[in-house]
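First up is the structure itself, then whatever we jot down about it.
Everything numeric here is computed off the predicted structure, so don't read it as measured data.
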Amino acid sequence: DLRLELSLMADVGLLGMPNAGKSTLLAAVSAARPKIADYPFTTLYPQPGVVSVAAMKSFVMVDIPGLIEGAAEGAGLGIRFLKHLQRTRLLLHLVDMLPPPDGNKKADVAANIRKINRELKKFSEELAGREQWLVFNKADLMSSAEAETLAEKIVTKLRWKGRWFVISAVAQKGTLNLCRAAQKWVDQQSKVAKKDAEDEPDAD
């Protein structure tokens, strides 16, 4: 008996809590048309899309269903879709940056970011150590100054060392800069991979 398992390949993978705006971002920057709605788990299957930044410059982005606590053990749509992130090179962690209502600690933005990264680490140490950028979404619901200040507070609270961006997927604000940065990163990694392959001694 053979068991075949399809795993989508992509340059960039989107991850985050349900309703963080992953599908909205994919629809805004590519020709993909994922289902978008204001309830959790709208995305039931991985959705790939080609993001074209300029002539002859593009990369594949894939949106996976939102992750929740316990995903590494199968909670929600869990482990079935964490596997698809293994075939991506760069992780964009979409974050709903709106402050938690009424100080609800369960909705704390920094806590949710940590929660997602704990699930990644439980599933795969290698995946958790992969290049990851924070992408603070829904900046259109506040002023630019408020959005930047809030993002900086969250980054400081997390002691985040990686790159981060503030965008509005629905208003396509900041999405071009994000995609250009992702394209540059993908191109650089492709050059490194090509050089490593060329430096490898022949099997003969």
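- Among residues two or more places apart in sequence or in another chain, the side-chain hydrogen bond (donor to acceptor under 3.5 Å, both in side chains) test is passed with K57 by D187.
- With sequence neighbours excluded, the residues forming a ring-ring contact (aromatic ring centres under 6.0 Å, His included) with F165 are W133, listed by chain and number.
- For K138, the salt bridge (Lys or Arg N to Asp or Glu O under 4.0 Å) partners at least two apart in sequence or on another chain are D96.
- The closest side-chain heavy-atom distance from V186 to R89 is below 4.5 Å.
- Residues L176 and L25 do not share a hydrophobic cluster, defined by chaining ILVMFWY side chains whose heavy atoms lie under 4.5 Å apart.
- With sequence neighbours excluded, the residues forming a side-chain contact (heavy atoms from CB on, under 4.5 Å) with N117 are H93, I113, L120, Q132, W160, listed by chain and number.
- M142 is listed as a side-chain neighbour of L150, based on a closest heavy-atom distance under 4.5 Å.
- Contact between S52 and S58 at its shortest, heavy atoms only, is CA-CB, 3.9 Å.
- Nearest heavy atoms, Q183 versus F59: OE1-CD2, 3.3 Å.
- When all heavy atoms of A169 and T175 are compared, the pair lying nearest together is CA-CG2, 4.2 Å.
- Among the candidates S30, P48, S23, the single residue satisfying the side chain to side chain contact (heavy atoms under 4.5 Å, CB included) test with D63 is S23.
- When all heavy atoms are compared, the tightest approach of A147 to V166 is CB-CG1, 3.9 Å.
- Side-chain contact between L90 and L92: present, with at least one pair of heavy atoms (C-beta onward) separated by less than 4.5 Å.
- Scanning all heavy atoms of the two residues, the minimum distance from L158 to A110 falls at CD2-O, 3.6 Å.
- One distance of note links CG of L94 with NZ of K22; it measures 6.5 Å at 0.5 Å rounding.
- Evaluation of the side-chain contact (heavy atoms from CB on, under 4.5 Å) rule for T156 yields no partner, not counting sequence neighbours.
- Applying the salt bridge (charged side-chain N to carboxylate O under 4.0 Å, His left out) test to pairs two or more places apart or on separate chains, none has a residue in residues 166-175.
- Among residues two or more places apart in sequence or in another chain, the side-chain contact (heavy atoms from CB on, under 4.5 Å) test is passed with E126 by S124, R130.
- Following chains of ILVMFWY side-chain contacts shorter than 4.5 Å, one can reach I64 starting from L127, so the two form part of one hydrophobic cluster.
- Side chain of N137 to backbone of A20: a donor-acceptor contact under 3.5 angstrom is found.
- For residues 148-159, the salt bridge (charged side-chain N to carboxylate O under 4.0 Å, His left out) pairs, not counting sequence neighbours, are D108-K157.
- Legend: residues meeting salt bridge (Lys or Arg N to Asp or Glu O under 4.0 Å) with D140, ordered by chain and number and at least two apart, are absent.
- Partners of K184 under the side-chain contact (heavy atoms from CB on, under 4.5 Å) rule, at least two apart in sequence or in another chain, are Q188.
- Under the 4.5 Å side-chain heavy-atom criterion for Ile, Leu, Val, Met, Phe, Trp and Tyr, I167 and V170 are members of distinct hydrophobic clusters.
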Stepwise side chain to side chain contact (heavy atoms under 4.5 Å, CB included) check, V95 with N112: CA-CA 8 Å; V95 179; N112 285 339; over 6 Å; no
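- A 4.5 Å side-chain heavy-atom check between F136 and V155 finds at least one atom pair inside the cut-off.
- We find the CD1-CG distance between I116 and L15 to be 6.5 Å, quoted to the nearest 0.5 Å.
- Each of L26, D11, T88 was checked for a side chain to side chain contact (heavy atoms under 4.5 Å, CB included) with M61, and the lone residue meeting it is L26.
- Here the straight-line distance linking atom CG of L134 with atom CE of M97 works out to 11.0 Å at 0.5 Å rounding.
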